[in-house]
Amino acid sequence: MSAMVQECRSCSTLLFPARLFCPFCGGDSFSLVAVGHGTLEETTTLSDGIVLATLSIDGGPRVIARLTGPGAEEGQIVPLTNDPNTTSGLHAYIPVHSTLNEDHS
Ligand SMILES: [Zn+2]
């Protein structure tokens, strides 16, 4: 299980959400890389029971994700997914971003 995030082809910075230009080097060419997990930093429970989490990705950005499954604790390594219907255990769901400026060749 993993989630796709944008990687700058010039400086290899991981970016989420997707950008038109790299904020670090100004590059505008990106590829998609799979990220397996993030470290849970903080959670917020909304009034309807949805749990949002801030996770840090190794060597990359912080992402805001929706937690699925029980038992999340700060500092825990949580698998990332692009599948909103993941039902087996604890996952952090982030939406598939748009494909602006991606070179699929
Ligand atoms: Zn860059």
Side-chain angles (χ1 to χ4, degrees):
M1 194 68 71
S2 60
M4 305 304 287
V5 300
Q6 199 179 33
E7 181 184 57
C8 176
R9 288 191 167 162
S10 299
C11 70
S12 297
T13 299
L14 296 179
L15 300 169
F16 184 88
R19 310 288 172 86
L20 283 170
F21 295 96
C22 175
F24 298 96
C25 75
D28 63 357
S29 179
F30 303 98
S31 54
L32 282 176
V33 296
V35 175
H37 60 264
T39 302
L40 189 60
E41 293 192 339
E42 195 171 23
T43 63
T44 302
T45 303
L46 305 182
S47 59
D48 57 5
I50 289 174
V51 180
L52 296 181
T54 304
L55 301 103
S56 60
I57 296 173
D58 286 347
R62 285 189 173 83
V63 301
I64 306 298
R66 178 163 59 82
L67 289 185
T68 64
E73 293 180 17
E74 288 173 19
Q76 187 172 345
I77 305 296
V78 179
L80 294 171
T81 181
N82 288 136
D83 179 3
N85 298 313
T86 300
T87 54
S88 58
L90 179 65
H91 287 86
Y93 161 71
I94 58 175
V96 178
H97 67 74
S98 67
T99 52
L100 292 171
N101 281 15
E102 269 152 25
D103 180 357
H104 292 287
S105 62

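The model shown is predicted, which means the values in this text are computed figures rather than measured ones. Both ligands and their constituent atoms are indexed starting at 1 by order of listing.
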Minimum heavy-atom separation for [X] and [Y], please, with both atom names.
X   : Y   : answer
I94 : M4  : CD1-O, 4.5 Å
F30 : F21 : CZ-C, 3.8 Å
G60 : L14 : CA-CB, 3.9 Å

Exercise. Using 2.8 Å as the cut-off, count the protein N, O or S atoms closer than that to the Zn ion (ligand 1).
Key: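 The number of such protein atoms is 4.
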
Self-check item: side-chain contact (heavy atoms from CB on, under 4.5 Å) against A53, all qualifying residues, sequence neighbours excluded
Solution: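 With neighbours one apart ignored, the set is L40, T43, L55, L67.
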
Quiz prompt | Contacts of S88 that satisfy side-chain contact (heavy atoms from CB on, under 4.5 Å) - sequence neighbours left out | solution =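 Listed in chain order: T86, H91.
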
Practice problem: Taking salt bridge (Lys or Arg N to Asp or Glu O under 4.0 Å) as the test, write out the residues that go with R62, two or more places apart. | Solution: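 R62 satisfies salt bridge (Lys or Arg N to Asp or Glu O under 4.0 Å) with E41 once adjacent residues are dropped.
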
